[in-house]
A.B. asks: 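First the structure, then my questions, so here it is.
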Amino acid sequence: MKHQQLTPFPDGFLWGASTSAYQVEGAWNEGGKGPSVIDKATFSDKITDFTVTSDHYHRFKQDVALFAELGLRTYRFSIAWSRLFPQGSGELNAEGVAFYQQLIDELRHHNIEPLVTLYHFDLPWALQEKGGWSDPATIDAFVHFARTAFELYGDRVNYWLTINEQNMMILKGDVIGTLPPGTPDPQKTLYQQNHHMMLAQAKAMIACHEMLPQAKIGPAPNISCVYPASSRPEDVLAANNFTSIRNWLYLDLACFGHYNAVAWSFMREKGYLPTITEQEMAILRQGKPDFIAFNYYASATVGADLPYSNGEQEAGKLLDQQLAGIDTIVYVGVENRWLKKNQFNWYIDPVGFRITARQIYERYRLTLIVTENGLGAFDELTADNKVHDDYRIAYLHDHIEQLQLAISDGVELFGYCPWSAIDLVSTHQGIRKRYGFIYVNRDEHDLKDLARFKKKSFSWYQRVIQTNGQNLSEGVDY
Ligand code: BGP
């Protein structure tokens, strides 16, 4: 649809930016924090230092002041579960409690609305050792953790996110570290874990509504529209399969409280069906989100079978959460010749962003917020401490433009939080893959002085926020 007139971003729109605890805080073993699966993961060992990351734990006041200067109306961050509960459950760590109290107070002091993710990939190691999400006791531990966070911070936090990218943890369990290496029957195990996470999420949403009637809570999956490789009906069917398995399985359970039919039949065919009870399904039906948060980086394209030239099969590329991958009886990830790629081989597809937002809104009719979207790139700090990241400005410009088109299409959207507020360590590609508006002066292993420098995109986004998204194209002084 070509609009003659665009609908403006609503008043009070939450312009924001995101981070997650294990990627930004550092202080991995300070302040009484227990280890998480990330601290024990082997994937990052050689690539980068994950123990200090951006040192936000020690520099949060300086960082929040910069976020305020940027003009953020909201800041999305996650609570490190093992900072509150070093053992995952049991004893509460007072220093961890105090850290998030101070962070939230600092945000409030600057009129920045905290948007809190309860769990962003960093399951406490003590729980992982007992079976992690395969053990139903982890559901209780999560619910206790969530209730504690509601109790501690509920008077100052109005927006909560349950679990970050649960769908990626299941689809890419080996990449993100959800599953200990060597787990027998990994796929079946992951779908059972998925069921447990869904229950944990539903119970947390129920608890939130009971304890904090004024607060709002929702899931935060990674959702991408899926294109068929061609107009061949079999390819369209494959795209449909992948949409159900990648996207709707998770959101149908969260919003409707039932298993998506196509995803269910996929799990049955493959022998991945989880064990479920009627009582559990009743809990899933009862727990309802107030909104849907979603992360979007790129679209996916799939075909029915292998005759297509398949860039995704090249060695090493499968180790990535944004690639569809291959399941020969269901879908095959293929190249999309219409789209450009970034330096890390992720597609850049702003129109896909609009399509994705429309699809989610049309299906669930819940208001949306974008909790991640951004460009990972090799930024260069010049001799005079500048970063001329015009490529990031271009990416964000094109995506925000499409977001306004989605709003003009009728999609209800209340916020946009690009990834990331400040440079942080990438999930598996180190600090060299930078996303932030603020440069952090460190290399992979040489931590330098960790000084902060505003990038050109900082000034640009500042203007976007000031003009409520009406001034995307104007250049900025930098
Ligand atoms: C999402 C995660 C984030 C972040 C982002 C960028 O999947 O929720 O934690 O890492 O992707 O990914 P990467 O760091 O791999 O570039």
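Just follow the structure's listing: the first ligand is 1, and inside any ligand the first atom is 1. We use all heavy atoms of the structure for the numbers below, so side chains are in, but hydrogens, waters and symmetry mates are not. The first residue in the sequence is number 1, and the count goes up from there.
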A.B. asks: Return the option from Arg434, Met169, Glu372 holding the heavy atom at the smallest distance from atom 1 (C) of ligand 1.
C.D. replies: Glu372
A.B. asks: Among residues two or more places apart or on two chains, list those pairs meeting salt bridge (charged side-chain N to carboxylate O under 4.0 Å, His left out) that have a residue in residues 16-32.
C.D. replies: Glu25-Arg83
A.B. asks: Which atoms of ligand 1 are found less than 4.0 Å from any heavy atom of Gln23?
C.D. replies: 3 (C), 4 (C), 9 (O), 10 (O)
A.B. asks: Going by heavy-atom distance to atom 5 (C) of ligand 1, choose the closest among Phe344, Tyr297, Tyr435, Trp346.
C.D. replies: Tyr297
A.B. asks: Is the ring pair Phe353/His399 parallel, tilted or perpendicular, if the boundaries are 30 and 60 degrees?
C.D. replies: tilted
A.B. asks: Is it the case that ligand 1 has an N or O less than 3.5 angstrom from some N or O of His120?
C.D. replies: yes
A.B. asks: Under a 4.0 angstrom heavy-atom cut-off, which atoms of ligand 1 come close to Thr427?
C.D. replies: 4 (C), 9 (O), 10 (O), 12 (O), 13 (P), 14 (O), 15 (O)
A.B. asks: Within 45° of the axis and under 6.0 Å from the centre of the six-membered ring of Phe142, does NZ or CZ of Lys203 qualify?
C.D. replies: no
A.B. asks: Report, in ascending order of atom number, the atoms of ligand 1 lying under 4.0 Å from any heavy atom of His428.
C.D. replies: 15 (O)
A.B. asks: What orientation do Tyr297 and Tyr435 show, parallel under 30°, tilted 30 to 60°, or perpendicular over 60°?
C.D. replies: perpendicular
A.B. asks: Within ligand 1, which atoms have a heavy atom of Lys433 less than 4.0 Å away?
C.D. replies: 13 (P), 15 (O), 16 (O)
A.B. asks: Using the six-membered ring of Tyr272, assess whether NZ or CZ of Lys188 lies under 6.0 Å from its centre and within 45 degrees of the ring axis.
C.D. replies: no
A.B. asks: Decide whether an N or O pair under 3.5 Å exists between Ser20 and ligand 1.
C.D. replies: no
A.B. asks: Angle class for the Trp15/Tyr416 ring planes (parallel below 30°, perpendicular above 60°, tilted otherwise)?
C.D. replies: perpendicular
A.B. asks: Heavy atoms only, cut-off 4.0 Å: how does Ser426 contact ligand 1, side chain, backbone, both, or neither?
C.D. replies: both
A.B. asks: List every atom of ligand 1 that sits less than 4.0 Å from any heavy atom of Asn164, numbering the atoms from 1 in the order shown and giving each element.
C.D. replies: 8 (O)
A.B. asks: Give me each pair satisfying salt bridge (charged side-chain N to carboxylate O under 4.0 Å, His left out) with a member in residues 126-135, each pair once, sequence neighbours excluded.
C.D. replies: none
